[in-house]
2 protein chains.
Amino acid sequence: MNHARQYLIDNGIKPSVQRIAIMKYLFEHRTHPTVDDIFHDLHDAIPTLSRTTVYNTLKLFAEKGAILSLTIDEKKVRFDGYKQRHAHFRCLECDEVFDISLDRDVEFPQEDGLRGFEAVETHVYHRGYCAECAKKKNFNNK
Amino acid sequence: MNHARQYLIDNGIKPSVQRIAIMKYLFEHRTHPTVDDIFHDLHDAIPTLSRTTVYNTLKLFAEKGAILSLTIDEKKVRFDGYKQRHAHFRCLECDEVFDISLDRDVEFPQEDGLRGFEAVETHVYHRGYCAECAKKKNFNNK
DNA sequence: TACAAAGTTGTAATTATTACATTCTTGTTT
DNA sequence: AAACAAGAATGTAATAATTACAACTTTGTA
């Protein structure tokens, strides 16, 4: 039942109480949390947790390829424990980040587009208004 | 011959000495500069220029849709005066940002992928090693 | 020439992130 | 079980990008 623990080991990361808790958090919260979101939410369960540990841990996870770090928000980095290929959408109104499916036509770039360049990761980001905020916005502009 | 000035007007931006200089800079430098790059490089020509003005100006340009602001670099925002659809590639070694052509197959997402979401802009970012750094890296690992 | 609106400037504040030295855990060896 | 070393976690202090803000300047117009 300790999925997070095993996941860390599989990614070459030594599990610790803090690391397991953070990985578990990312599996359970598909909200693209920031360092502070995670720090804040885990603080009750692990009162000794340090913000620096959250920074260190997320950096390590991203380096090991266990998670994605998203720079869709110009203020702070967000993190994503969901590794399946998908795009992200940030709402300019409510500031939430959503997962967007990438359909067949929207494939990730092939070798040919990148002559000689070695891509490690590719991100597709949208910025705009999420369904809910778009509705409100269009209603008000009527 | 004042292309930058006219471009600003066309985008609903009142031209000023500073704004024209910054727009001109972006047209002439396809390097995805940061605020500081621009501030530093224009300082000789306009000694009174303030860093705040560069921030204000770039924010205004981006809001008016005259330029793109790129969040490919987790530290600082970069700017791009080239509006044609293209992707970006940031080298993890030399930290340069390159333009990458998006071929026909790599289209920007269509409406269907975004049910109800209103996309204002879409970015495709790659991170990895540029041709030059990849060559060095592979040579050293031999 | 006077004036208001918009633009620019410089400093101070804010905020995310990193550096670093100290303390704590963990597993291993005696 | 005690001693030890390596790796991890912690907290504070530093750094760096960005924004807030109040004062000053420029521009166009009456």
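Chain letters run A, B, ... following the sequence lines, proteins first, then strands; residues in each count from 1.
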Whole angstroms only, please: what is the [atom1]-[atom2] distance between [X] and [N]?
| X | N | atom1 | atom2 | answer |
| --- | --- | --- | --- | --- |
| A:F39 | C:dT15 | CZ | C1' | 15 Å |
| B:L58 | C:dT8 | CG | C1' | 14 Å |
| B:K76 | D:dT15 | NZ | P | 16 Å |
| B:R51 | D:dA17 | CZ | P | 9 Å |
| A:I20 | D:dA9 | CD1 | P | 10 Å |
| B:N56 | D:dT18 | CG | P | 13 Å |
| B:K14 | C:dA6 | NZ | C1' | 6 Å |
| A:L49 | C:dT25 | CG | P | 14 Å |

Report yes or no: does A:N11 contribute a side-chain atom to a donor-acceptor pair with the main-chain N or O of A:I13 at less than 3.5 Å?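 No, because the side chain of A:N11 does not come within donor-acceptor range (under 3.5 Å) of the backbone of A:I13.
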Ion pair check, A:E74 and A:R127, cut-off under 4.0 Å: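 A salt bridge is present here (some side-chain N lies under 4.0 Å from a carboxylate O).
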In terms of side-chain geometry, is the basic nitrogen of A:D95 or A:K76 positioned less than 4.0 Å from the acidic oxygen of its partner?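 No.
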Using a heavy-atom cut-off of under 4.0 Å over every strand shown, decide if [X] touches base, sugar-phosphate, or nothing.
| X | value |
| --- | --- |
| B:E74 | nothing |
| A:T34 | nothing |
| A:D36 | nothing |
| A:V77 | sugar-phosphate |

Less than 4.0 angstrom between a side-chain N/O of [X] and OP1 or OP2 of [N], yes or no?
| X | N | answer |
| --- | --- | --- |
| B:R19 | C:dG7 | yes |
| A:Y55 | C:dT17 | yes |
| A:S16 | D:dA9 | yes |
| A:T52 | D:dT10 | no |
| B:Q18 | C:dT9 | yes |

Find which nucleotide of DNA chain D each of B:V17 and B:K59 is nearest to by heavy atoms, and output the residue with the more 5' nucleotide.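 The residue mapped nearer the 5' terminus is B:K59.
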So which nucleotide from D:dT18, D:dT10, C:dT9 ends up closest to the side chain of A:K75?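 Selected nucleotide (nearest to the side chain): D:dT18.
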CD1 of B:I38 to CE of B:M23: how many Å apart, nearest 0.5 Å?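 Separation between the atoms: 9.5 Å.
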Using heavy-atom distances to pick each residue's nearest nucleotide on DNA chain C, tell me which of A:V35 and B:T53 is more 5'.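 The residue closer to the strand's 5' end, by nearest nucleotide, is B:T53.
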Is it the case that the ring center of A:H126 lies less than 6.0 angstrom away from the ring center of B:F117?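 No: the rings miss the under 6.0 Å criterion.
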